[in-house]
Structure formats: C-alpha cells, structure tokens
Amino acid sequence: MATVTAIFSAILLMGALGFVFGAILSYASQKFAVTVDPRIETAISLLPGANCGGCGFPGCAGLATAIVEKGVPIATCPVLTAAARAKLSLALGLADAGPTTPLVATVMCNGLPAEEYRKFEYTGIVDCQAAVLVANGPWLCPHRCVGLGSCVKACPFGAMTLGENRLPIIDKEKCTACGKCVKACPKAIIKLVDKEKTVHVKCNSPEKGPDVRKVCKVGCIGCQLCKKVCAYDAIIIENNLARIDYSKCVQCGACVAKCPQKTIIMQGVPDFKARKAFIDEPACVGCTLCFKVCKFQAVEGGTPKEKHRIISAKCVGCGACVAKCPKKCIILKPID
Amino acid sequence: MSADLFSIFIIAIFIENFVLNQILGICPFVGVSNRVDSAVGMGLAVTFVMVLAGVVTWSIQNLFLAPFHLEYLQTLSFILVIASLVQFVEMVIRKTVPSLYQALGVYLPLITTNCAVLGVALLNVRKGYGLVESAVNSLGGGLGFFFALLLMAGIRERLEVAEVPVAMRGAPITFITAGLLAIAFYGFAGLA
C-alpha cells in the first residue's frame with residue numbers, strides 16, 4: 001500500500017509541477033510572443049547550412065534574414081546550386097536573379113619548381129603570413145605563392161591540398177567559392193573565376209619583363225603576344241601583366257600556344273599545342289553553319305551545298321566550328 | 001545571522017566560485033566570453049536564473065519533496081524547474097532585448113543544462129540552507145559566475161589585439177588563461 005501511495009504521490013507531484021510550469025510558459029509565450037517572419041525560417045531551411053560565411057553575413061541564418069528583410073539577392077550565397085536557388089526563390093516568392101556563373105578559386109601562379117629561384121631556406125612557423133614577414137617570403141619573386149598552405153588550412157570544405165612545387169591544388173568539385181582562401185593568401189594570388197573557364201594567366205607579377213625573367217621562368221613579361229593573337233579582345237595588359245577578360249574568352253587556346261613564357265595555361269592540358277580545324281570533305285554537306293560561326297573568316301564557301309574548306313593561315317583553332325558542325329566532320333588537329 | 005549570510009555570499013562568489021573553483025558551467029564560460037557586453041548579458045541571465053532556481057527549488061524540496069519522502073525526484077524536478085525558468089527568461093529577453101538574444105545565441109538555451117545552475121540548487125539542499133540562505137548562496141553563485149565571465153571576457157578582448165603565437169590562437173590561449181585565472185582565484189581560499 002505504501003508503495004502505491006509513493007508511486008501516486010510521485011506521479012501526482014511531477015504531473016502537477018509539469019502542469020504548473022507548462023501553464024506559466026504557455027502564458028508567457030502568448031505574452032512575450034515575437035512575430036518572426038515565417039519566410040526567414042523557410043529561407044534558413046533551404047540554405048546550405050554550412051555557415052561558411054562566403055556570403056559575408058554571419059552564417060546562413062544571417063543571410064536568410066538579409067534576403068527576407070533587406071532584399072539581398074539569393075545568389076549572394078555562392079554555395080547554392082541552381083536547383084536549390086530556384087527552390088528557394090519559389091518558396092520565398094522572390095524572383096530568381098537568374099543563374100549566376102558558378103565561380104571557383106584559382107591560384108594565379110605557376111609556382112616554378114626550380115630551387116635556384118629560392119631566396120633562402122625558410123624554417124619558421126608553417127604559415128604564409130609568418131613567412132612573408134621574413135624578407136617577404138622565401139622566394140626570389142615577391143609575388144610567388146609562398147607555398148606553406150595557409151589557404152589549405154583556411155578552406156572549410158577540404159577542397160584544397162598542397163601539391164608539388166609547393167602550390168595549392170584546388171578540387172573544382174568541392175570548391176564553393178566562399179572566398180576564405182582568397183582572404184588567407186598574403187600574396188593575393190587566389191582569384192575567384194568562372195568555373196567553366198580553363199585558360200588562365202598564371203602570374204600575378206606586375207614587374208617589368210626583365211625583372212620577372214630574373215626571378216622566374218614562367219612569369220608574365222607583358223610581351224603583348226597573347227593580346228595580338230586573341231581574336232576576341234579578351235586579353236588586357238595592365239602593369240606588365242596579361243589578364244583575361246573571362247566574359248569574352250572562348251578558351252580557344254590561341255594565347256596558350258603563343259605565350260613564350262608558358263604563363264598562360266589551359267587547365268588539364270599540360271602540353272597544349274596550337275591546333276587548326278580540318279574538314280572531312282566527303283562528309284561535309286555544305287550547311288554553312290561553320291562559315292557563319294567562324295570569327296576569323298577562315299572557312300571557305302558561303303553558298304549552301306558547297307563543300308567548305310578551312311583556310312589554314314587564318315584558323316586559330318578555337319573550335320567554334322567543331323562544336324557547331326551538325327555532321328561532326330570537323331576536327332581539331334595539333335600542328336607543329 | 002547577518003554575518004552568516006554575508007560569509008555565505010562572499011564564499012559563494014570568491015572562495016567557492018562555481019566556474020574557477022568548482023569547474024561548473026565551463027561551456028558558457030568559454031563560449032560567451034568573447035565580448036564584454038555579451039558576457040555581461042549572459043552573466044546577468046545566469047544570475048537571474050540561479051536566484052530564481054535557488055528559491056523555487058528550495059521551495060519544492062522543502063514543501064513537496066521532503067514531506068512526501070520523494071527526495072529521489074530531486075534531480076528530475078530541479079531540471080524541470082531550471083528548464084522552465086530558462087525558457088521563460090529566453091522569451092523575456094527575446095521580446096525585450098533582441099540584440100542580447102542575438103549575442104547570446106545558442107548559449108541561452110544551454111543555461112538549461114548549465115551544471116552550475118543545477119549545482120547551486122543541489123548544494124543548497126546538501127548544505128541544509130534555509131530559504132534566505134539559499135537565495136543568498138544562489139545570488140552569490142550567480143554573481144561569482146558573472147564575475148568570472150566578465151574577467152575572462154575582459155582578458156580575451158585584450159588577447160584579440162595581443163601578439164599570440166599562431167599555434168596558441170583561439171582555444172589554446174583561452175584555456176591557458178582560464179587556468180591562470182583559476183589559480184589566481186585559489187588565493188581566495190585564504191579568506192576562509
């Protein structure tokens with residue numbers, strides 16, 4: 001009997017306590033209710049939730065609040081995929097600002113393996129900022145990647161590794177272009193560029209040509225050859241340094257082939273050779289598509305049904321006609 | 001009697017400081033000591049919850065648990081009290097001081113599981129304090145926590161601009177600082 005009483009009194013007491021506190025809380029929740037815009041909750045649930053800070057707001061919740069209250073565009077989040085962005089804009093009833101080009105971090109330095117360009121052996125703290133404090137880093141070129149991996153450590157997505165030549169390698173799939181590595185680099189040689197582009201000027205040195213040659217074999221000397229060869233006006237030379245206007249670049253590789261310093265590279269194609277288009281004439285039906293797409297007047301035959309031919313001297317090997325040809329009878333061949 | 005209350009108060013703040021001497025409630029101590037203003041808010045919130053919890057848990061202990069021989073429900077009911085109080089405080093802060101609510105972030109709901117709050121409630125019972133003594137002890141404990149948090153935040157704000165070796169930045173230097181503070185607080189043991 002005593003046990004039963006004990007059980008009952010325990011249940012009764014805890015029940016009563018729970019009830020009393022519950023009542024107080026429910027009253028308080030009415031009294032102190034804060035109206036939160038339900039769209040903010042929706043936005044938080046649809047944002048990636050990685051809190052990487054790539055948008056410049058304090059975490060995903062901060063960006064969600066800013067999107068709803070201050071009308072910050074959804075595309076501010078660099079991590080969101082196009083599908084996720086569409087979902088979010090639909091849920092919030094906001095216009096999707098359209099697909100933004102996905103960016104990827106790229107190291108604008110060719111690195112140079114040659115130990116002869118080493119200024120001194122750095123044995124201090126393994127950190128780029130610390131190394132820069134010692135005579136502006138251990139390399140002769142003041143703009144070379146320090147190579148101690150501060151960017152690798154800063155990457156919250158594990159997209160960076162330190163590869164050979166003490167240059168960071170960026171995993172394009174894992175990179176979300178949050179920009180942490182850009183800030184971590186004391187030499188400011190990491191840039192966020194269009195993910196689809198593969199042709200880059202891998203140098204960040206504004207020094208004059210002879211000065212660059214003294215400290216590096218693969219640095220930009222500002223010789224203008226790339227600018228002259230580019231048919232799309234996509235190369236700008238400023239401060240003795242070539243720069244690619246990615247909005248104009250079609251990645252034809254003409255500049256890659258031309259660059260005497262091998263500063264301009266095509267990613268994934270280590271020994272890039274200049275190419276020219278060749279038409280397999282029997283297969284050609286004379287549709288004139290290649291003629292129309294060519295920017296260099298390098299295709300002969302503008303009248304329909306007439307077989308086309310490539311004027312080799314004018315072709316830069318951009319591949320525009322290859323992509324366009326419905327018969328797939330144009331191929332690019334490397335030339336020596 | 002008044003001398004007794006005073007010594008309970010002083011002991012709770014300095015000699016048996018919850019954070020630096022009894023190593024309770026370390027989570028908010030490390031988590032919310034980045035900036036002085038949020039540390040002040042957190043300290044006040046914890047103090048408030050502690051005093052209320054001390055009084056309410058004493059009442060529950062002596063009015064309900066002891067008469068019905070249900071002391072084994074102590075932890076359960078105390079946690080219930082603390083959780084409810086924290087919820088209540090959270091609602092009030094959210095409504096009245098949104099900026100403080102933002103600054104405290106996740107640490108505010110974490111007061112629920114702050115062992116310092118449960119600790120003060122259980123210690124009141126174990127030491128056999130009366131209602132007033134419990135309230136004073138809770139207030140002292142809360143102020144002790146507030147004091148420790150404030151000291152820590154002050155030091156950490158200075159550490160922000162100090163030249164700390166890279167390997168020591170962040171958590172390591174914070175723990176070292178906390179350890180040194182605790183050693184310093186050991187000196188108060190001589191007061192007793």
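First the proteins, then the strands, lettered A, B, ... as listed; each starts at 1. Note that the structure is predicted; figures quoted are calculated from it, not measured.
- Distance check, rounded to the nearest 0.5 Å: NZ of B:Lys95 to NZ of A:Lys31 gives 10.0 Å.
- In this structure, A:Phe120 places its CZ atom where more than 12 heavy-atom neighbours from other residues, nucleotides or ligands lie under 6.0 Å away.
- Closest non-hydrogen pair, B:Ser77 versus A:Leu17, comes out as CB-CD1, 3.8 Å.
- Counting heavy-atom neighbours within 6.0 Å of A:Lys183 NZ, excluding the residue itself, gives a total of 12 or less.
- More than 12 heavy atoms of other residues, nucleotides or ligands lie within 6.0 Å of CZ in A:Phe157, so this atom counts as buried by the packing criterion.
- Taking a 6.0 Å sphere around CD of A:Gln30, one finds it holds 12 or fewer heavy atoms contributed by other residues, nucleotides or ligands.
- Shown here for B:Leu80 and A:Met14, the closest heavy-atom pair between the two residues is CD2-CE, 4.4 Å.
- Here the closest non-hydrogen pair linking B:Ser84 and A:Leu25 is O-CD2, 3.5 Å.
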Derivation of the side-chain contact (heavy atoms from CB on, under 4.5 Å) call for B:Phe88 and A:Phe32: CA-CA 9 Å; B:Phe88 183 73; A:Phe32 295 102; 4.3 Å; yes
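- Counting heavy atoms of neighbouring residues, nucleotides and ligands inside a 6.0 Å radius, atom NZ of A:Lys87 does not exceed 12 of them.
- Scanning both residues, A:Ala6 and B:Tyr72, for their nearest heavy atoms gives O-OH, 4.3 Å.
- Of the listed residues A:Ala61, A:Ala10, A:Gly18, the one with more heavy-atom pairs under 4.5 angstrom with chain B than any other is A:Ala10.
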Evaluate the criterion side-chain contact (heavy atoms from CB on, under 4.5 Å) for residue pair B:Val56 and A:Phe21; output intermediate values, then yes/no. CA-CA 11 Å; B:Val56 176; A:Phe21 284 117; 4.1 Å; yes
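- Here A:Leu13 contributes atom CG and B:Leu70 contributes atom CG; the two are 6.0 Å apart, rounded to the nearest 0.5 Å.
- Interface remark: B:Leu76 contributes backbone and side-chain atoms alike to the contact with chain A (heavy atom separation under 4.5 Å).
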